[in-house]
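These notes are about the structure you will find just below.
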Amino acid sequence: MKYTKRISVAHGLARVWNDILSSRLNYLEVDFALPVPLSQTKLCERGFNQSWEILRRIQIPSTIQKLAFALQRHHASQDLARIGSSSRTQMIKGMFYVNPRYQRLIERRNVVIFDDVMTSKATLNEIAYVLKDNGASRITNWVLLRTPRYKIKRLQHV
């Protein structure tokens, strides 16, 4: 979706999420759902934030407000998708911040962070720290897909 710029895939991914999980979300004590943000540079290059495009199509209780721009991200000098877990953890430090317009809104609130793909947990952990530092009460992560924790060996055909 994100590398081929096929935003239409968000509809199908959200539909699968809704079919499997939407009925289980009715009793959550959550105030806000926030997508993992892209930097302005990456957003301009790609044309959309894949996490937001999926999140905005997910059916959640009307008591949970979706906020597309409460979290912001500085531009990374390196593409994080191509680096290892320990390097990623170091590079992600200080990368995220709360948009000052939303800072008071999230104080003492329960927040969900939505990510399309979780690779190393570094991004979600860093965002959770930032939200807690800005007064959020509880942080929950929702992730659509997860990369394998180990490298998959390619099968060789004989």
Side-chain angles (χ1 to χ4, degrees), residues 1-73 75-76 78-85 88-89 91-92 95-99 102 105-106 109-132 136-155 157:
M1 177 177 149
K2 58 187 168 186
Y3 299 118
T4 60
K5 299 187 182 202
R6 296 183 64 197
I7 199 168
S8 60
V9 173
H11 297 285
L13 293 171
R15 190 174 76 224
V16 171
W17 176 286
N18 291 334
D19 289 347
I20 296 170
L21 293 172
S22 65
S23 63
R24 298 178 188 179
L25 305 177
N26 290 329
Y27 305 103
L28 294 176
E29 293 182 21
V30 173
D31 301 296
F32 301 109
L34 316 176
V36 169
L38 296 178
S39 69
Q40 287 297 340
T41 304
K42 186 68 83 173
L43 186 59
C44 288
E45 287 173 7
R46 190 170 293 159
F48 61 91
N49 177 339
Q50 68 282 351
S51 292
W52 171 246
E53 292 302 326
I54 298 165
L55 176 60
R56 72 188 190 99
R57 291 167 172 84
I58 287 176
Q59 297 168 357
I60 58 177
S62 60
T63 56
I64 302 174
Q65 186 178 356
K66 297 174 188 175
L67 300 176
F69 301 107
L71 280 173
Q72 300 289 300
R73 179 183 190 141
H75 184 65
Q78 215 177 340
D79 187 0
L80 296 176
R82 292 175 172 44
I83 62 173
S85 178
R88 181 187 299 251
T89 300
M91 288 188 66
I92 208 81
M95 189 74 62
F96 300 96
Y97 61 98
V98 174
N99 182 329
Y102 295 92
L105 192 62
I106 66 166
R109 301 299 180 132
N110 298 330
V111 179
V112 161
I113 306 165
F114 181 83
D115 200 0
D116 62 328
V117 178
M118 181 175 70
T119 305
S120 69
K121 297 186 280 186
T123 297
L124 294 170
N125 285 340
E126 182 66 15
I127 291 172
Y129 288 128
V130 167
L131 290 170
K132 287 294 234 175
S137 293
R138 187 176 67 213
I139 313 302
T140 304
N141 296 325
W142 290 351
V143 177
L144 183 66
L145 301 168
R146 181 172 184 14
T147 59
R149 293 182 188 198
Y150 55 88
K151 292 184 179 182
I152 298 173
K153 294 180 183 179
R154 294 182 181 212
L155 297 176
H157 297 283

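The first residue in the sequence is number 1, and the count goes up from there.
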Return the set of residues passing salt bridge (Lys or Arg N to Asp or Glu O under 4.0 Å) with Asp115 (not counting sequence neighbours), or none when no residue passes. none
Could you work out, with salt bridge (Lys or Arg N to Asp or Glu O under 4.0 Å) as the rule, every residue matching Arg57, not counting sequence neighbours? Glu53
Looking at Lys66 and Ile58, would you say the former's side chain and the latter's main chain have a donor-acceptor pair under 3.5 Å? yes
Exam field: side chain Arg109 to backbone Ser137, donor-acceptor pair closer than 3.5 Å: no
Holding to side chain to side chain donor-acceptor pair (under 3.5 Å), I want the full list of residues that pass it with Ser39, two or more places apart in sequence or in another chain. His75
Pairing residues for Arg46 by the side chain to side chain donor-acceptor pair (under 3.5 Å) criterion, not counting sequence neighbours: Gln50
By side-chain contact (heavy atoms from CB on, under 4.5 Å), which residues pair with Val16, not counting sequence neighbours? Ile20
Going by the side-chain contact (heavy atoms from CB on, under 4.5 Å) test, name the single residue among Asn18, Asp19, Leu21 that passes it with Gln59. Asn18
With side chains defined as the heavy atoms from C-beta onward, is the minimum distance between [X] and [Y] less than 4.5 Å?
X: Leu105; Y: Leu67; answer: yes
X: Phe114; Y: Leu144; answer: yes
X: Ile127; Y: Arg73; answer: no

One pair to check against side chain to side chain contact (heavy atoms under 4.5 Å, CB included): Phe96 and Thr123. What are the steps and the verdict? CA-CA 9 Å; Phe96 300 96; Thr123 297; 3.6 Å; yes
Apply side chain to side chain contact (heavy atoms under 4.5 Å, CB included) to residues Trp142 and Ile54 and explain how you reach the verdict. CA-CA 11 Å; Trp142 290 351; Ile54 298 165; over 6 Å; no
If every non-hydrogen atom of Val143 is compared with every non-hydrogen atom of Leu145, which pair is closest and at what distance? CG1-O, 2.9 Å
Using atom types as modelled, flag every donor-acceptor pair under 3.5 Å from a side chain in residues 27-37 to any protein atom, sequence neighbours excluded.
residue : atom : partner : partner atom : Å
Asp31   : OD2  : Asn110  : N            : 2.8

Run the side chain to side chain contact (heavy atoms under 4.5 Å, CB included) check on Ile113 and Leu131 step by step: do they pass? CA-CA 10 Å; Ile113 306 165; Leu131 290 170; 3.9 Å; yes
